[in-house]
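Worksheet: one structure, shown below.
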Protein chains: 2
Amino acid sequence: MNFEIHFQAMQPPTGAHPCERCLLRGNPAFLAVTAEDLRLIESFRTGTRTVEAGRAVIEEDHPSPQLYTVYSGWAFRYKSLSDGRRQILGFLLPGDFIGLQDEFADGHTHGVEAVTDVTLCSFARDRLWPLFHAQPKLGYHITWLAAREEKMVDDNLVTAGRRNAAERVAMLLMHLYRRAERVGMAREGWVAFPFNQQHIADALGLSLVHTNKTLRRLQRLGLYRLEGGWLRILEPHALQTLGDYFERPLQPAPLI
Amino acid sequence: MNFEIHFQAMQPPTGAHPCERCLLRGNPAFLAVTAEDLRLIESFRTGTRTVEAGRAVIEEDHPSPQLYTVYSGWAFRYKSLSDGRRQILGFLLPGDFIGLQDEFADGHTHGVEAVTDVTLCSFARDRLWPLFHAQPKLGYHITWLAAREEKMVDDNLVTAGRRNAAERVAMLLMHLYRRAERVGMAREGWVAFPFNQQHIADALGLSLVHTNKTLRRLQRLGLYRLEGGWLRILEPHALQTLGDYFERPLQPAPLI
DNA sequence: CGATTGATTGACAAAGGTCAATGTGGGTGG
DNA sequence: CCACCCACATTGACCTTTGTCAATCAATCG
């Protein structure tokens, strides 16, 4: 398969750019904002940052002085136990807002690590309250994002607590495909899938080996294909039913 | 047709009280508010509601037109799979705010069920945005509560995904004790513990039988006592270490 | 070409789930 | 007051799923 043309077309501009030329905002997955709100968001923003694949966006034991919005790339939130066991709490892709929890909780919260190279828009933590004050609608939007994220963690908790291995894998494949598709990362039924099996195992609460065996089984059943880092769902209905996981079409999300 | 909902809606508000005489607000676990904010909260509030132990506060398949703050009693949030498997997402006690997710997410979110008799202060969903607009500080506080709740779900996800049975039980006992203690529900080292083993199993992602065996084991080890619906932690250090779960002293929370 | 990273597999062990029986204490109708 | 019921807790026997260990394979990279 040759997806290079598409892939290039999806490349974000690296480095700083003004919010008025934000490439995400044209995306129908996000709410439109007024020019005034956009100016306010830009004044709240302190810059951009790039993190290489595999590096930490936020260290787990080191709360971040910044909040971020993912502008391009995939990342994940995680927590570790002291003996090294790691649980991925959720995946982050363009439009996701990172770091709210640190603003409020005192102790440790979670780490964030880049899966691919990631571009972020950064915001100063101590300007969050002034932002709420200056424009309550943006505060409302941030609450929206927090509630949506909690809903995703709720779903992941049901997965880890109650689904068996095959159901977990089915659910995750559908979930990741849907989210990528939503922000326009799908090309002719394929989405870039940069995760390795360790990521999947850590997200699902399974061991690496069992994750591998379960993935192979579903693949042999012809439910999906995964080639060269691209994922295609062959039997969405079967995967949804197996995972007992049905997403409604999602409303446009705020983008900060 | 659901008779219950109508019946509940017709209940006279039990224990109605003005916010100025709120018994929770004296509690050091909660932030002090100005008289003006208090008036605003009261104008946002639409009444109170009582739910009997074991009844639904919010039906899982029936999004609520109300938001609530728990005023007294214990409840829990949960989600079910279509074959009946149930996962408890978290426990709710006085001061916890319920229903934010429904405001934003379209589809299903979660159900809420009372463990003990529960008293709630109710708020109209459609007045949430006006509240943000009228007093951004209260909006900021609501975001605080949302972020705190997400942090708790994150912890539960680590538990379900990565801790073994004994670690899960140890963690949950410490967690519930701490939270109850924090809002002043402890009496000489004991807290009321109204949960049965099915609740614990559903919260931890374990089977009922295995939960029982694990509880008995930790009890025989002398780590805790549970008598007549009251819990006492005998070896907090051992339970914390076993569960790899260390809470910092918590800051005062906003109370809406 | 060796080295490294990630995927794959089989053999085996362990944790946890399922089934079924029993215990226990508090209500409740008679 | 007593026999019965019911919800919940407890236990043993057994089974299934998942985890662990270790070897092999495949692709990529200096």
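FYI, side chains are in, hydrogens and waters are out, and symmetry mates aren't considered; it's all heavy atoms of this structure. All values reported here derive from a predicted model rather than from experimental measurement.
- Checking side-chain atoms of T116(A) against main-chain N and O of G73(A) turns up no donor-acceptor pair under 3.5 Å.
- Between Y177(B) and Y224(B), the distance separating the two ring centers is not shorter than 6.0 angstrom.
- Atom-to-atom distance recorded for L206(A):CG and T211(A):OG1 is 4.5 Å, nearest 0.5 angstrom.
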Report the C-alpha separation of E150(B) and R77(A) in whole Å, then their side-chain angles, then the decisive distance to 0.1 Å, and conclude whether the salt bridge (charged side-chain N to carboxylate O under 4.0 Å, His left out) test is met.
-> CA-CA 12 Å; E150(B) 189 193 326; R77(A) 301 194 306 119; 3.0 Å; yes
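- Atom CZ in R85(A) sits about 12 Å away from atom P in dA15(C), given to the nearest Å.
- With 3.5 Å as the limit, one finds no donor-acceptor pair spanning the side chains of R86(A) and Q198(A).
- The overall bend of the helix from dC1(C)-dG30(D) to dG30(C)-dC1(D), read as the angle between its terminal helix axes built from five base pairs each, is 30° when rounded to 10 degrees.
- Chain A approaches DNA chain D within less than 4.0 angstrom (heavy atoms of the protein), and the contacting nucleotides run 5' to 3' from dT18(D) to dC21(D).
- Of the possible polar contacts, none joining the R148(B) side chain to the Q101(A) backbone as a donor-acceptor pair under 3.5 Å is found.
- N196(B) has its CG atom 17 Å from the P atom of dG26(C), to the nearest Å.
- A donor-acceptor distance shorter than 3.5 angstrom exists from the side chain of D244(B) to the backbone of S82(A), with no hydrogens or angles considered.
- Taking atom CD1 of I200(A) as the reference point, atom P of dG6(C) lies 13 Å away to the nearest angstrom.
- Whole-Å rounding puts the E227(A) CD to dG6(C) C1' distance at 17 Å.
- Note on R216(A): every side-chain N or O is 4.0 Å or more away from OP1 and OP2 of dA7(C).
- Shown for residues 201-215 of chain A: residues whose heavy atoms fall under 4.0 angstrom of DNA chain C, namely V209(A), N212(A), K213(A).
- Atom CG in L93(B) sits 4.5 Å away from atom CH2 in W74(B) (nearest 0.5 Å).
- Taking the charged nitrogens against the carboxylate oxygens, E167(A) and R85(B) do have a contact shorter than 4.0 Å, which makes a salt bridge.
- The interatomic distance linking R162(B) (CZ) with dA15(C) (P) rounds to 16 Å, in whole Å.
- For the pair R179(B) and D96(B), the salt-bridge criterion is met [side-chain N within less than 4.0 Å of a carboxylate O].
- Remark: the backbone N or O of D202(B) is paired with a side-chain donor or acceptor of Q87(B) at under 3.5 angstrom.
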